[in-house]
Amino acid sequence: MNWVLALPEIVLSLVAMVILIFGVLRQDDSFFLSSMFALGGFLLAALLVLTTGSGIGYHGQFVADAFSSLVKILILAGAGLSLILSLDYNRHNHIARFEFPVLMLLSVTGMMVMASASNLMTLYLGLELQSLGLYVLAAFARDDLRSSEAGLKYFVLSALASGLLLYGVSLVYGFSGTMDFAALARTLTIPQSASPGLIVGIVFVLVGLAFKISAVPFHMWTPDVYEGAPTPVTAFFSTAPKVAAFALLLRTMATPFGHQLIAWQTLIIIVSVASMILGALAAIGQSNIKRLMAYSSIGHMGYALIGLAVGTPEGVRGVLIYLIVYVFMSAGTFACIIAMQRRGRPLELITDLNGLSATDPALALAMAIFMFSMAGVPPLAGFFGKLYVFLAAVQGGLWTLAVIGVLTSVVGSYYYLRIVKLMYFDAPEEPFDPRPTALSFVAGATGLFTAFFFVFPAPFVGAAQAAAKVLFG
Amino acid sequence: MIANIAFYVCSIILLASAALVVSSRNPVHSVLFLILSFFNAAVLFLIAGAEFLALILVIVYVGAVAVLFLFVVMMLDIDFAELRSGFQRYLPVGATVGAVLFVELVFVLGGWEFAPQAPVLRFSPAPANVSNTAALGRLLYTDYIFLFQAAGILLLVAMIGAIVLTLRDRKTSRHQSIRAQTDRTVAETLELVTVTVGAGVKEIGILRPKPVDPEPVEEVHHGN
């Protein structure tokens, strides 16, 4: 048995258990050391992902290929950046406990299992492992009412979505007789032969996964959870789990159900259009920046879904480039949001950014880069994400989708540019507390990536292309 | 013949007790009926030849889960009458949604066709010459080892989560200190007093000051 394929996951979970024992045995404060170990674990896992070969293992339940490698690296990057963001924030807010990195590690293990799932059972277990860690992380500031509410809300709604997903899985299994992705693809080669029960099963699976990426009609939890959870956890929510759930959606729709494109394409188009419109319109009235980021992420998932709706390798390539750009952009934005502190109190209102360019020009510049990039202004990374997705849509003949995408991004740029306007043209207020080095590091690194993506897009586009080819191979 | 009779008797009791779980007014009765239905389901498993599942059902569900339910129901102060108060009001909406879903499911499942091999497959649950438990074990620990371990980690996360969210160290909680207990000598704790006959307790002076009340409970963050 080819168990080496899952080496990154095995190592990550072992690191998590070692840190757990270390934290329990060491009586005094061990948050910082545990976090450093966890970061080391992320690095080690990334190295292993790059070095272990590809193939199918564990009786077809686990697959390692170019697609899973790219997604895993992205997940690890998002989780690592969020963990760095949590270092100082957790200490200031009295939630610096060693279980934080442990839960993050185990949740990331679940995400990596999701990226490698090639069986409906692996899919479900990976998803649950990820979600269970996320519930606890959302409620991690347990003495804060909003955090507990966020955790509970996410738990209840997510459990419901998991139930729907499981129901879909059972229908698919019942009507096709297999849970293996490759076998499903073989069984479903002819679209007309699919029974209505199977189609209903696919729809339920789609609903469950759409909840996890918070696409509209299943987005209700997003603003409340983003607002209530501790900010580094929100940063984590908006990076790694989104990538993992999207990867799962791509693989599930492209590999086992790929021949059923006509059955699910319309659904994805509807969900995508609804997400783009809601993301653009609902964010306008928000005054809390974390809520604004929640609606922004709903919109971004809508844009990325365009690539899936096209159903071609070009479309999937577009989605992957979008996700690469989005992870770094999002982590950087949250670094700026965490830096918003006065006298040790975290601030969350958009108007707290008034005149930031006068008091902290570097932070204002970084935030402006991220906002312009999210709006999709040309030389920045966000523009390329949208470009490749829209390009695939036009090539695939989905003109209306591309046009709606362009229109909603024009509408959406209003609230991104409004933040830039507040920072540069409004009267300055009291300056923020001095930034911790970790925040400056994350904001600087992701800011450089976002600003200079256009200089070196080739390796990323190449990796995304290779990954997309695997799914349709 | 006997197996058939047992099957019908157990099925009827199972269905009846399952209905009573939902309908009985007293929540403790509900849990007891739940236990009854678990037992009958276990018998059905036994009849089907799945002795491992039958025993697991009794040990895990009756032994652990149902007893836990019983604890929760008895310890928590839940006003079940109040919980049910909206029942009448929401009944029309709920019934409509349920009926629509039911009709849709009938449409979907109406086209159900059993695979030709289904009856054969159903009657060969285990490979020949291997007991049920061994067959399950082989599957779990070889073919599905990855999923099995993943499920194990899942349970570990659940445990960590429960502890993270609920465990609080209290300064005044009275832990047992075994060392202090064994280090105690007779002289420290026991005092022999000669008591004159007819004397009151006050006159001898063996009244001890009242033990000091514990300080007010102060919650401490675990690990901070």
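In what follows, every chain begins at residue 1, and chains take the letters A, B, ... in the order their sequences are listed.
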Gap between atom CD1 of B/I12 and atom CZ of B/F7 - 0.5 Å precision: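 Atom-to-atom, B/F7:CZ and B/I12:CD1 are 9.5 Å apart.
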Select, from A/L129, A/T122, A/V24, the one with the greatest count of heavy-atom pairs under 4.5 Å involving chain B. A/L129
What part of [X] gets within 4.5 angstrom of chain B, counting heavy atoms only: side chain, backbone, both, or neither?
X      : result
A/A139 : both
A/L103 : side chain
A/L20  : side chain
A/E128 : both

Checking B/L155 against chain A: side chain, backbone, both or neither under 4.5 Å from a heavy atom?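 For B/L155, there is no contact with chain A at all, as no heavy atom is under 4.5 Å.
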Test your reading of the model: is there a side-chain donor-acceptor pair from [X] to the backbone of [Y], 3.5 Å cut-off?
X      : Y      : result
A/S86  : A/L83  : yes
A/S147 : A/D143 : no
B/S17  : B/L34  : no
A/S118 : A/F181 : no

